[in-house]
Amino acid sequence: MTGLEDLYKEVILDHYRSPRNKGELPTPPAIMEEGFNPLCGDDVKVYVILEDKVIKEIRIGGQGCSISQASASMMTESVLGKTLDEAKEVFERFKKMMSSHENDLNSAESSLDETPSSLGDLEALKGVVKYPVRIKCATLGWNTFDQIIDSVEN
Amino acid sequence: MTGLEDLYKEVILDHYRSPRNKGELPTPPAIMEEGFNPLCGDDVKVYVILEDKVIKEIRIGGQGCSISQASASMMTESVLGKTLDEAKEVFERFKKMMSSHENDLNSAESSLDETPSSLGDLEALKGVVKYPVRIKCATLGWNTFDQIIDSVEN
Amino acid sequence: MSKSIFDPQVIKKEFPLLERSVNDNPIVYLDSAATSQKPIEVIERMNDYYKEINANVHRGAYHIAELATEEVEETRRKVHRFINSNSEKEIIFTKNATEAINLVSYSWARSQLTDGDVILLSSLEHHSNIVPWQQLSSERDIEIRWIPITHDGQLDLDNIDELLKGVKLLCVTAVSNALGTINPVKKLVEAAHKVGALCLVDACQSTPHFETDVTDLGADFIAFSGHKMCGPTGIGVLWGRLEILENMPPFLGGGEMILNVTSDGFTANELPWKFEAGTPPIAEIIGLGVAISYLEKIGMGAIREHEQKLTSYALQMLNDRFGNDLIIHGPQNPIDRSGVLSLSYRDVHPHDLSQVLDQYGVCVRAGHHCCKPLMKLMGLNATARASLYIYNDESDIDVLADAINEAGKIFA
Amino acid sequence: MSKSIFDPQVIKKEFPLLERSVNDNPIVYLDSAATSQKPIEVIERMNDYYKEINANVHRGAYHIAELATEEVEETRRKVHRFINSNSEKEIIFTKNATEAINLVSYSWARSQLTDGDVILLSSLEHHSNIVPWQQLSSERDIEIRWIPITHDGQLDLDNIDELLKGVKLLCVTAVSNALGTINPVKKLVEAAHKVGALCLVDACQSTPHFETDVTDLGADFIAFSGHKMCGPTGIGVLWGRLEILENMPPFLGGGEMILNVTSDGFTANELPWKFEAGTPPIAEIIGLGVAISYLEKIGMGAIREHEQKLTSYALQMLNDRFGNDLIIHGPQNPIDRSGVLSLSYRDVHPHDLSQVLDQYGVCVRAGHHCCKPLMKLMGLNATARASLYIYNDESDIDVLADAINEAGKIFA
Ligand SMILES: Cc1ncc(COP(=O)(O)O)c(C=O)c1O
Ligand SMILES: Cc1ncc(COP(=O)(O)O)c(C=O)c1O
């Protein structure tokens, strides 16, 4: 079977099958935000406990497809223990990787190569940019997490 | 110039240039109804004085194209002095002539031949059925007159 | 009705899109509940419209404007005959079924319903027949009540008399787009009328697949979309009973829907134009007319027969092949359902399932199918929905099954 | 902008309809203010859509649905660039300009305006920018006030400060479809903003003919239709400023415009989808995108230049030939007007005039042009309107003049 290997990389399937930091946290002390993907009905709940703007704990609830679940799972790993500013910086880099298609779908391949190679597991999600609909899946957890950052900062 | 002779028959142009029974009547004793052709902005006012359901006087006001003006003018001639029932009967025959197109535009020619030949000058309007938009012009005065009949009868 | 003329192989060839490939596989289009493909004659007639008679309608006295107007009004008569309505004046062209339902909500409901009134919705409704009523109920003290469903996604009418108390409007879909359930609409219309309520039928999923007879149905409004019945996008229909439509205030205001305008106010045009503001979707109306003729040529009876047979095959075959790994939601008897197969396959997320299917050229829809309240009742987040139409045949179901099997391998 | 590429002879060939004959005469299409003809590339792209990627958008995870979605959203970006807006989220697709104006009326005005507020309309407005406000003012105690005109059909702004007192919304057309008058919209927007009013610009007759720059204009809403700018029927655009749109409640409710629906209520989707309920006019949006690219290829500056030159020619030639027998209403200086020639010829009724013209293949519109209040102010019942576009040239004006002459003979 050709073509889907880019999307369903082994690391993605692994995060999907064994999601990290799955569950809930009591609110308070945790902050919770919920996100919807109106296209497919998936929803995600992100719970975060902050201490001095450092992400001490994070959990993911809700349900979704392999891409949204794996991406959220990877997100938890990449931001846990980081400050909000650091987390935001990771998000920015991730968003950049995910939006390379928006500029030009056809030149996606080339712009992919320019993505900074420091996103760890998250880089496995590169292949998603070829499937515009799935970008929404991959960014759902992140955008929900971003709402938490927003609510803390304002 | 071919083609328009059917529409702009001499008798039509004559009624247009010298409309019969043009003007107004005081209300009361006259009954007045106003009609609009929403397509072109024409309006017509029909004034009628009835005595014992006989049309004693009739006048046409408003403005319109040659077809609507000529048709209204011919109408006044064909109903003046008639009872409402007789006028209605003329209207029915006129409507039939005008709607032959609705059944089948292509067979209009043939169905025209079946129109009873007792409409006098009004028969000059036969050619209008080939121009669906103008049918509204030709029937404007009649439909307005019909409102008067309705208002008397109810 | 004669079976002999119905050959999906022949029909398939009339739909240019079905000749294409996706990912090197011939396309297997199984998303007709979302939108149908278009036969070549619909596409070409719209072409011809633009190439030969394109002109704005109803106001032009010149030749091509007359031809365009005549085709638009001829289509109105065609729709009128197609649904067996009382008069062509009852046929209102909208941009889609959603606008048609909103028209009823803004014009009829907002002028007729007051605080304390109740709107009864079936739990099988599409968002387009839910949200307009929720909008209204957030403006006024109008209660929204729901007809519950059984576990297999059929309406539970045990307490219908109780549910109908105080109801002014019943909104029900003829066929569920999410599960395929065929609702007993005629019975519901009767029940509604008994308590003096009107009934709006969402016919989006029935007009493409069965004969529609609004006179027999007795409903007060029906709404449907052209794009699901071989017609183009951008065209929908509201049918309403003449005496109801006549008493409704206009909805959208503008050109076409007026008889007169002065600086002080306007007089609304006659039906149906009173409800058609602005330049109508002319090419789209004409395209819908061709689509209806196309469906009539095949015969609505033959279409239903074909789809029912194909659905039976699918239910049987998928069941045999996948057993408990594959759940096909909704009524189990093909008589009670249209050609909509809402699937759950093991714990493969429907989005992932449809992605793998796409790899094999199979187009199905994953998600809530714009029926979130229903999905919640069914305990589902999303399903993968394969929906059938005239151009599908058993081989399409076979390809679907093979592709499902492949998905199983990836997400083993 | 370079004149060299602008050749109406070449352009004419790109419009299949302009090759046909009417009554044995080559067609001379002079009704572009009602609807424009369509270039072959627009027609063919819609064809290709139906033949290659027809699928419902935004919800399908399969290949052709992704392609269709991408084309729809790419067109949104194209419209955004075409009118120089701030964000593609500000571009809302409707079925026509009339719906776009009604959207503002139902969503913004009904949530913002209260008893005692004033809406100021120019006397040049089309019914579509009058009736929605009259509907509102018949529901609430909202005053409608009018900007008067001069005898030659230009806005009389002498008392504009007085007129603007208490005004919450100013509605003005960029160009009059009945007379061709170009309004000083930017100035009016500024005046409106000074008193805290918003300004809705009806851009139906400007987007096809001039460059549109909403940022420079400073307006709050603009509305226009695809079918007047080489695009298909069934598609219109509302542009609104982001912060205003964000605070507006949804208008039509249904699929596509929601983020979530439960049995208790719904959450609206983000902009722009919040205002796009139901299946969008997909092929039509794509067709509009091609139309915009087509116009941009020619250049909006070059288009305006061509039309202005042609209008000058027409004014001069018709005047020379018919003298006082022919009145061309509206501003006399071609700089102040678009290519709309609203004519009165002796006492030949416009309907009769256009009928005779049709006999010679000349398509003009007779009537009130959906501007009854304006016509009344001008002391007119109807005019015959010839309106120009990119594919017209001097020979079309010459044929028009000859045909007018023939009408004079019949109605001598
Ligand atoms: C100035 C103006 N405003 C509004 C409209 C209405 O546009 P539509 O009929 O496409 O909604 C038109 C065209 O008829 C127009 O010329
Ligand atoms: C049952 C049902 N109702 C309403 C709709 C809405 O139709 P549209 O999106 O064409 O307005 C659909 C289709 O999406 C449907 O399946």
Side-chain angles (χ1 to χ4, degrees), chain A residues 1-19 22 34-45 60-74 98 101 105 124-141 143-144, chain C residues 21-25 31 34 126-128 130-131 177-178 329 342-385 402-412:
Chain A
M1 212 202 64
T2 53
L4 285 178
E5 299 80 2
D6 266 6
L7 189 60
Y8 296 127
K9 297 235 171 71
E10 198 41 58
V11 53
I12 291 181
L13 292 176
D14 175 57
H15 274 272
Y16 178 46
R17 290 190 194 109
S18 330
K22 180 128 189 121
E34 186 168 14
F36 292 100
N37 184 341
L39 312 179
C40 60
D42 286 351
D43 66 305
V44 67
K45 286 182 179 142
I60 301 295
Q63 42 203 333
C65 65
S66 62
I67 302 298
S68 75
Q69 296 288 87
S71 177
S73 168
M74 293 172 184
M98 282 296 120
H101 111 97
L105 198 61
L125 289 164
K126 255 189 201 174
V128 173
V129 296
K130 281 204 227 143
Y131 302 86
V133 173
R134 306 308 292 272
I135 294 175
K136 289 243 158 79
C137 309
T139 52
L140 179 60
N143 284 325
T144 311
Chain C
S21 292
V22 168
N23 296 320
D24 296 327
N25 292 298
D31 196 18
H126 184 280
H127 292 163
S128 290
I130 298 175
V131 177
N177 68 300
H329 303 282
S342 219
L343 310 172
S344 297
Y345 181 57
R346 296 209 218 137
D347 58 353
V348 181
H349 190 280
H351 221 149
D352 291 314
L353 183 59
S354 82
Q355 186 86 59
V356 178
L357 264 46
D358 178 49
Q359 203 59 28
Y360 293 92
V362 179
C363 307
V364 304
R365 183 135 307 216
H368 51 64
H369 318 299
C370 295
C371 292
K372 287 195 94 171
L374 170 65
M375 298 299 272
K376 185 145 193 214
L377 282 180
M378 302 281 293
L380 296 164
N381 197 42
T383 67
R385 182 189 69 184
D402 291 344
I404 291 174
N405 201 48
E406 292 299 323
K409 290 184 197 160
I410 297 184
F411 291 93

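Residue numbers start from 1 in every chain, and the chains themselves are labelled A, B, ... in the order their sequence lines are given, proteins ahead of strands.
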Practice task
Using non-hydrogen atoms and a 4.5 Å limit, figure out which bit of C:A412 sits close to chain A: side chain, backbone, both or neither.
Solution key: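 Looking at C:A412, just its backbone touches chain A.
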Practice task
Below 4.5 Å from any heavy atom of chain A, which atoms of C:N23 appear? Answer side chain, backbone, both or neither.
Solution key: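 When you check distances to chain A, no heavy atom of C:N23 falls under 4.5 Å.
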Practice task
May I ask you to check whether A:Y8 and A:Y16 place their ring centres under 6.0 Å from each other?
Solution key: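 No, too far apart.
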Problem - C:D347 bridged to A:R17 by N-O distance under 4.0 Å - result: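 Not counted as a salt bridge, because no side-chain N and carboxylate O are separated by less than 4.0 Å.
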Practice task
Please determine if C:D31 and C:R385 form a salt bridge, counting it only when a charged side-chain N lies under 4.0 Å from a carboxylate O.
Solution key: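 Salt bridge between C:D31 and C:R385, a charged N being under 4.0 Å from a carboxylate O: yes.
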Problem - The single option from C:V364, C:L380, C:T383, C:N177 passing side-chain contact (heavy atoms from CB on, under 4.5 Å) against C:S342 - result: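 For C:S342, the side-chain contact (heavy atoms from CB on, under 4.5 Å) check succeeds only for C:T383.
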Problem - Winner by heavy-atom pair count (cut-off under 4.5 Å) against chain C, out of A:I67, A:D42, A:D43 - result: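 Highest number of pairs under 4.5 Å: A:D42.
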